[in-house]
Amino acid sequence: MKTLEDICRMPVRFSEIDSMRRVWHGEFVKYMEDGRESFGRHFPGIGYADMQKAGIYAPVYDLHVRYLAPLAINDIAVIRTTFVYHPGARLDFAYKIYKASGDEPYAESNDVLCAEGETTQLFIDSNGELLTDLPPYFIDWQKKYLNTENK
C-alpha cells in the first residue's frame, strides 16, 4: 500500500503566540487541522465538504501531540500530514510540524522538527450514531488512492 502524504506551509501569526512569544501549544492542534484540510484538497473524496455532502462526519476521537521545539511569529510552519491506513470505519493521520529553514517548499533535512502527533477520527451519521461499516464514499476513496478492495 502506498503512502499518502500532503505538505502545506502556514505562516505563524501574531494571534497564535503566547506571552513567551512562542506559538501557544494549543495552536499545534489547529496546525494539524490545517494539515487535514490540505490533505483533503490534495486527495479529494475525504475532505470535510465531501463528508458533509454524504451526510457523514468524522469527529476527532483520539489526539496526541509531542512538542519538541518552539515556533515564533513570522516563522513558517511546514505541516506534513500522512494518512495511516487501519481497517475499519476510521481516519488516522500522523503529523510532523517543522520550522522552515528556507524558502524551499519542503526540506526536512534542514527544517527543525517542532512537533509530531497523531489523530484518529471515527465516522458518525447525521444523527450522531457511530458507524461501524465503511461509508461508501470512503470505500471509493480507498480504492482510488490506496488500491484497496474493501467491501
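The residues of the chain are indexed from 1 along the displayed sequence.
- Of the residues listed (Arg36, His64, Glu33), the one engaging Tyr95 in a side-chain hydrogen bond (donor to acceptor under 3.5 Å, both in side chains) is Arg36, and it is the only one.
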Point to revise | Residue pair Tyr85, Gln142: steps toward the side chain to side chain contact (heavy atoms under 4.5 Å, CB included) verdict | key: CA-CA 9 Å; Tyr85 175 80; Gln142 286 184 337; 3.6 Å; yes

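- With values rounded to the nearest 0.5 angstrom, Leu63 atom CG is found 13.5 Å from Phe93 atom CZ.
- Between Ser15 and Glu27 the shortest heavy-atom distance is O-OE2, 4.2 Å.
- Residue Ile73 is grouped with residue Met10 when hydrophobic side chains (ILVMFWY) are merged at heavy-atom distances under 4.5 angstrom, including chains of intermediate members.
- The shortest heavy-atom contact between Leu130 and Ile124 is CA-CG2, 4.1 Å.
- Atom-to-atom distance recorded for Leu122:CG and Arg90:CZ is 7.0 Å, nearest 0.5 angstrom.
- When atom types are taken as modelled, the side chain of Gln121 and the backbone of Val60 share no donor-acceptor pair closer than 3.5 angstrom.
- Atoms OG and CD, on Ser126 and Gln52 in that order, are 11.5 Å from each other to the nearest 0.5 Å.
- In this structure, Cys8 SG and Ile76 CD1 are separated by 11.5 Å, a value rounded to the nearest 0.5 Å.
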| message | For Thr81 and Glu5: C-alpha separation, side-chain torsions, deciding distance, then whether side chain to side chain contact (heavy atoms under 4.5 Å, CB included) applies. | response | CA-CA 6 Å; Thr81 305; Glu5 180 175 273; over 6 Å; no

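- Residues Tyr67 and Phe28 place their aromatic rings such that the two centres sit under 6.0 Å apart.
- Residues Asp6 and Gly35 share a closest heavy-atom pair of OD2-O, 4.1 Å.
- A donor-acceptor distance shorter than 3.5 angstrom exists from the side chain of Asp125 to the backbone of Asn127, with no hydrogens or angles considered.
- Within 6.0 Å of OH on Tyr61 lie no more than 12 heavy atoms contributed by other residues, nucleotides or ligands.
- Across Phe138 and Gly88, no two heavy atoms sit closer than the pair CE2-O, 4.3 Å.
- Scanning both residues, Tyr31 and Ile79, for their nearest heavy atoms gives O-CD1, 3.4 Å.
- Distance CZ/Arg21 to CG/Leu71: 14.5 Å, rounded to 0.5 Å.
- The shortest heavy-atom contact between Ile97 and Ala77 is CG2-CB, 4.3 Å.
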Residue pair Leu4, Leu146: steps toward the side chain to side chain contact (heavy atoms under 4.5 Å, CB included) verdict = CA-CA 8 Å; Leu4 300 180; Leu146 301 175; 3.5 Å; yes

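- Distance CZ/Arg80 to CG/Asp111: 10.5 Å, rounded to 0.5 Å.
- Tested against Phe83, the residues Trp141, Phe43, Tyr145 include a single ring pair (Phe, Tyr, Trp, His ring centres under 6.0 Å) partner, Trp141.
- Looking only at side-chain heavy atoms (C-beta outward), Phe39 and Ile46 come within less than 4.5 Å of each other.
- A continuous path of hydrophobic side-chain contacts links Phe14 to Val12 [ILVMFWY only; heavy atoms under 4.5 Å].
- The backbone N or O of Arg13 sits less than 3.5 Å from a side-chain atom of Glu16, completing a donor-acceptor pair.
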CA sep, side-chain torsions, deciding dist, call: Tyr137, Met51, side chain to side chain contact (heavy atoms under 4.5 Å, CB included): CA-CA 8 Å; Tyr137 76 90; Met51 288 186 225; 2.9 Å; yes

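- Residues Thr120 and Asp92 have side chains that bring a donor and an acceptor to within less than 3.5 angstrom of each other.
- For Arg66, the CZ atom is densely surrounded, since the number of other residues' heavy atoms within 6.0 Å is greater than 12.
- In the hydrophobic cluster analysis, where Ile, Leu, Val, Met, Phe, Trp and Tyr join through side-chain heavy atoms closer than 4.5 angstrom, Met32 is grouped apart from Val84.
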